[in-house]
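The next block holds one structure in the form of structure tokens; read it before the comments.
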Amino acid sequence: MADEKRITAQSEDFDRWYTDVVRRAELADYSPVRGCMVIRPYGYALWENIQRALDDMIKRTGHENMYFPLFIPESYLQKEADHVEGFDPQVAWVTRGGGKDLEERLAVRPTSETIICSMYADWIHSWRDLPVKINQWCNVVRWEHRTRLFLRTTEFLWQEGHTFHQLDSEAAKEVDTMLDCYRELTEDWLAIPVIKGRKTESEKFPGAEYTVSIEAMMSDGWALQSGTSHHLGQNFTRAYGIAYSDRDNQRQHPFQTSWGLSARTVGAVIMAHGDDMGLILPPKVAPIQVVVVPITRSNDEAGAATVEEATARLESECPAGVRMRIDRREGMRPGEKYAHWELRGVPLRIIVGAKDLAGGNVTVVRRVDGAQDTVPLDGLAAQLPQLLEAAQQAILERARKRLEERSVDVSSLDELVAAFAERPVFATAPMCNTAECETAVKAAVHALTVRVLRSDRPSDGAPCIACGKPADFYALLARSY
RNA sequence: CGGGGCGUGGCGCAGUGGUAGCGCACCUGCUUUGGGAGCAGGGGGUCGCUGGUUCGAGUCCAGUCGCCCCGACCA
């Protein structure tokens with residue numbers, strides 16, 4: 001096998017492996033515009049499957065989709081001080097249109113809180129108008145210094161949900177509900193176990209009361225934030241003058257949330273599951289779930305006819321809902337086809353050849369672990385849903401095991417340093433939610449960040465690893481993308 | 001914005017001042033086909049751009065543009 005046909009090994013250079021996979025598997029490519037990417041059909045199909053699953057959850061939890069414009073007048077953007085300051089360096093501006101300079105420049109949305117609040121200020125008047133629970137699927141632009149395909153691009157695709165509630169507690173519940181949707185999507189569909197928690201003060205969304213997120217471990221031990229949910233309190237509704245009359249005819253500002261998940265999750269799938277042969281896609285979101293490779297010899301007409309007959313049978317018996325592809329390409333040897341579909345992460349491969357068919361069998365190979373079985377053709381098609389489900393579980397288990405093996409509890413800065421000595425891990429340690437303690441912890445290990453203050457590990461009063469006082473949280477510490 | 005590197009067919013590269021080449025990919029045909037095939041033939045580049053030196057510039061000089069890598073922001 002020629003070296004140049006292979007992708008860079010993960011152990012050699014994980015970043016290059018990632019870029020190689022994205023481009024060679026034809027998920028995406030760089031565009032002529034710096035920092036932007038073209039999502040190719042295979043990558044977009046994957047994103048569409050993720051979208052569909054999440055969109056169903058968004059609808060199930062009582063939200064409606066709508067659409068706000070791409071351009072936001074500068075004056076709209078500027079009403080919430082923390083928000084403006086937080087996003088200012090990343091905003092792209094349109095200053096010219098119709099052949100002349102604009103009177104007011106227009107921001108290309110970095111997120112839509114401001115325009116949404118401006119509109120809902122006109123639409124919310126009564127307690128009967130609440131709650132408002134809406135969502136939009138769109139693109140946003142945030143000028144970035146360093147970009148990476150899917151993980152961080154200047155323009156990216158996402159959904160942003162926005163809600164308004166009468167009570168602080170209702171908003172808080174909404175924040176949790178939607179974070180749990182993200183957890184469900186990531187674990188049940190993408191087969192990536194996650195850790196939920198709250199962002200530190202320094203990492204929360206600009207303008208939010210607090211931010212919660214889910215954090216996933218990539219196969220190199222680095223963390224990737226894969227969905228965030230914000231409690232915005234009344235910060236924006238006050239700034240934008242959203243007010244309603246409650247049952248006692250008192251004027252009130254509603255409590256607000258927003259939450260988002262981006263096409264970065266495609267990057268999470270790639271980095272959480274992929275190996276040196278390429279992608280490994282969870283069946284539930286794989287654009288192609290089963291690929292059939294017929295093997296025919298030009299000097300064996302009878303054999304070729306048998307193979308074609310068996311192939312056609314698989315195709316016609318394939319259950320509805322199973323995404324099957326038959327690879328009938330001519331002039332390509334089987335080995336090349338195997339490599340082609342392995343690179344693209346197709347969960348199951350069925351090899352249909354004359355040798356096996358002599359005994360009424362075909363060979364089924366599972367991408368995640370290479371498990372190979374010679375099974376009767378008879379009845380195989382009907383079993384595909386179960387085989388795919390088993391593959392989905394195997395992928396999840398593999399990721400779960402890695403997360404467990406590479407997670408460690410530490411109770412001092414020395415232990416923290418030791419934990420990262422060999423390889424990146426997820427370290428959990430008691431910590432205060434203060435800038436001082438965060439700075440101290442980050443300084444202990446190169447490129448370390450506080451991912452979240454874990455919501456599954458309530459404080460037991462253990463001393464903070466930075467300052468030694470009883471800590472309010474257990475923090476998840478990791479290097480992150 | 002600071003430090004480093006690179007611009008030559010789609011991709012990766014070679015090219016000593018003398019009229020542009022290799023590998024991969026692509027197209028055609030034949031043979032092959034149970035792990036990335038072989039042979040034969042074929043198409044494709046005003047060498048990033050501008051100016052200069054020279055009889056002559058991919059090559060030397062100046063400028064300019066763009067890109068990549070490393071440091072300060074982020075889903």
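Predicted, not measured: the structure shown is a model, and the values here were computed from it. Numbers restart at 1 for each chain; the letters A, B, ... are given by sequence-line order, proteins then strands. Side chains included, hydrogens not; waters and symmetry mates left out as well; all remaining heavy atoms used.
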Next item on the list: Determine the contact category for A:S213: base if any of its heavy atoms lies under 4.0 Å from a base atom, sugar-phosphate if only primed atoms, P, OP1 or OP2 are that close, otherwise nothing.
Entry: nothing
Check: What interatomic distance, in whole Å, is found between C1' of B:A14 and the corresponding atom of B:U8?
Finding: 10 Å
Next item on the list: Kindly state whether the ring of A:H63 and the ring of A:W259 have centres lying under 6.0 angstrom apart.
Entry: yes
Item checked: d(CD1, A:I295; P, B:G36) in whole Å -> 12 Å
Notebook entry, point to check: Within this structure, what is the CD-to-C1' distance between A:E336 and B:C26, rounded to whole angstrom?
Noted result: 14 Å
Checklist line | Interatomic distance, A:K442 NZ vs B:A72 C1' [rounded to whole Å] | finding: 12 Å
Next item on the list: Would you indicate what A:A354 reaches in the nucleic acid, counting non-hydrogen atoms under 4.0 angstrom: base, sugar-phosphate, or nothing?
Entry: base
Note to self: Let's see if you can work this out: which of B:G34, B:U33, B:C73 has an atom nearest to the side-chain heavy atoms of A:I351?
What the structure shows: B:G34
Margin query: With rounding to the closest Å, how many angstrom separate the P atoms on B:G17 and B:C60?
Written below: 8 Å
Next item on the list: For this output row, return yes or no: ring centroids of A:Y210 and A:H231 closer than 6.0 angstrom.
Entry: yes
Check: Quick one: the side chain of A:R142 and the base of B:C74, do they pair up donor-acceptor inside 3.5 Å?
Finding: no
Next item on the list: Could you work out the separation of B:G15 and B:C55 based on their P atoms and round it to a whole Å?
Entry: 27 Å
Check: Is there a donor N/O on one and an acceptor N/O on the other, under 3.5 Å, for the side chain of A:E342 and the base of B:G35?
Finding: yes
Check: Across all strands, who's sitting opposite B:C6 as a Watson-Crick or G-U wobble pair, both distances under 3.5 Å?
Finding: B:G66
Next item on the list: Looking only at side-chain atoms of A:Q90, point me to the closest of B:G36, B:U33, B:C74.
Entry: B:C74
Checklist line | Residues A:Q136 and A:Q159: side-chain donor-acceptor under 3.5 angstrom | finding: no
Next item on the list: Look at all strands and tell whether A:F156 reaches a base, only sugar-phosphate, or nothing, counting heavy atoms closer than 4.0 Å.
Entry: base
Next item on the list: Pick base, sugar-phosphate or nothing for A:T153, based on heavy-atom distances below 4.0 Å to the nucleic acid.
Entry: base
Item checked: Length of the CZ-C1' vector between A:R24 and B:G12, whole Å -> 12 Å
Next item on the list: In whole angstrom, give the distance that lies between atom NZ of A:K337 and atom P of B:A37.
Entry: 12 Å
Notebook entry, point to check: Can you tell me how far CG of A:L151 sits from OH of A:Y18, rounded to the nearest 0.5 angstrom?
Noted result: 3.5 Å
Note to self: Here's a test of your reading of the structure: between A:S480 and A:M277, which maps to the more 5' nucleotide of RNA chain B?
What the structure shows: A:M277
Next item on the list: Look at the side chain of A:R349 against the base of B:G35 and say whether a donor-acceptor pair falls under 3.5 Å; ignore hydrogens and angles.
Entry: yes
Checklist line | Separation between the P atoms of B:C65 and B:G23, rounded to whole Å | finding: 38 Å
Margin query: Just to be sure I understand the rule, does A:T296 reach a base, reach only the sugar-phosphate, or reach nothing, if contact means heavy atoms closer than 4.0 Å?
Written below: base
Note to self: Applying the Watson-Crick and G-U wobble criteria at under 3.5 Å, what pairs with B:G71? Answer none if nothing qualifies.
What the structure shows: B:C1
Notebook entry, point to check: Contact class for A:L261 (heavy atom, under 4.0 Å): base, sugar-phosphate, or nothing?
Noted result: nothing
Note to self: Let's test this: given Watson-Crick or G-U wobble pairing with both distances under 3.5 Å, identify the partner of B:C30.
What the structure shows: B:G38
Item checked: Nearest-nucleotide comparison on RNA chain B, the residue closer to the 5′ end among A:H340 and A:M332 -> A:M332
Note to self: Distance check needed: B:C74 C1' versus A:E215 CD, whole Å only.
What the structure shows: 13 Å
Checklist line | Any strand: nucleotide that pairs with B:U46 via Watson-Crick or wobble, under 3.5 Å | finding: none
Notebook entry, point to check: Has A:R333 got a side-chain N or O lying under 4.0 Å from the OP1 or OP2 atom of B:A37?
Noted result: yes
Notebook entry, point to check: A:Q225 near the nucleic acid: base, sugar-phosphate alone, or nothing, with a heavy-atom cut-off under 4.0 Å?
Noted result: sugar-phosphate
Check: Which whole number of Å gives the distance between the C1' atom of B:C13 and that of B:G18?
Finding: 23 Å
Check: Counting only heavy atoms not in A:Y76, do more than 12 fall under 6.0 Å of its OH?
Finding: no
Next item on the list: Could you let me know what B:A14 is paired to, Watson-Crick or G-U wobble, both distances under 3.5 Å, or none if it's on its own?
Entry: none
Item checked: Whole-angstrom distance between B:U50 and B:G58, as gauged at atom C1' -> 16 Å
Next item on the list: Could you please spell out the steps behind the ring-ring contact (aromatic ring centres under 6.0 Å, His included) verdict for A:F87 and A:F205?
Entry: CA-CA 10 Å; A:F87 277 107; A:F205 180 77; 5.7 Å; yes
Check: In whole Å, what separates the C1' atom of B:G43 from that of B:G9?
Finding: 11 Å
Check: Closest to the A:T363 side chain: B:G36, B:G34, B:C74?
Finding: B:G34
Check: Touch check for A:G353, heavy atoms < 4.0 angstrom, all strands: base, sugar-phosphate only, or nothing?
Finding: base
Check: Should A:K199 and A:Q225 be marked as a side-chain hydrogen bond (donor to acceptor under 3.5 Å, both in side chains) after you check the CA-CA gap, both sets of side-chain angles, and the distance that decides it?
Finding: CA-CA 11 Å; A:K199 286 292 182 186; A:Q225 176 176 312; 2.8 Å; yes
Check: Which one is paired to B:C60, where only Watson-Crick or G-U wobble pairs with both distances under 3.5 angstrom count?
Finding: B:G52
Check: How close or far is atom P of B:U33 from atom NZ of A:K355, stated in whole angstroms?
Finding: 11 Å
Margin query: Centre-to-centre under 6.0 Å for A:Y120 and A:H162, is that the case here?
Written below: no
Next item on the list: For A:T228, answer base if it contacts any base atom (sugar-phosphate contacts may also be present), sugar-phosphate if it contacts only those atoms, and nothing otherwise; contact means non-hydrogen atoms under 4.0 Å.
Entry: sugar-phosphate
Notebook entry, point to check: A:I7 CD1 to B:C24 C1': how many Å, rounded?
Noted result: 17 Å
Margin query: Distance check, P atoms only: B:G21 and B:G45, in whole angstrom units.
Written below: 13 Å
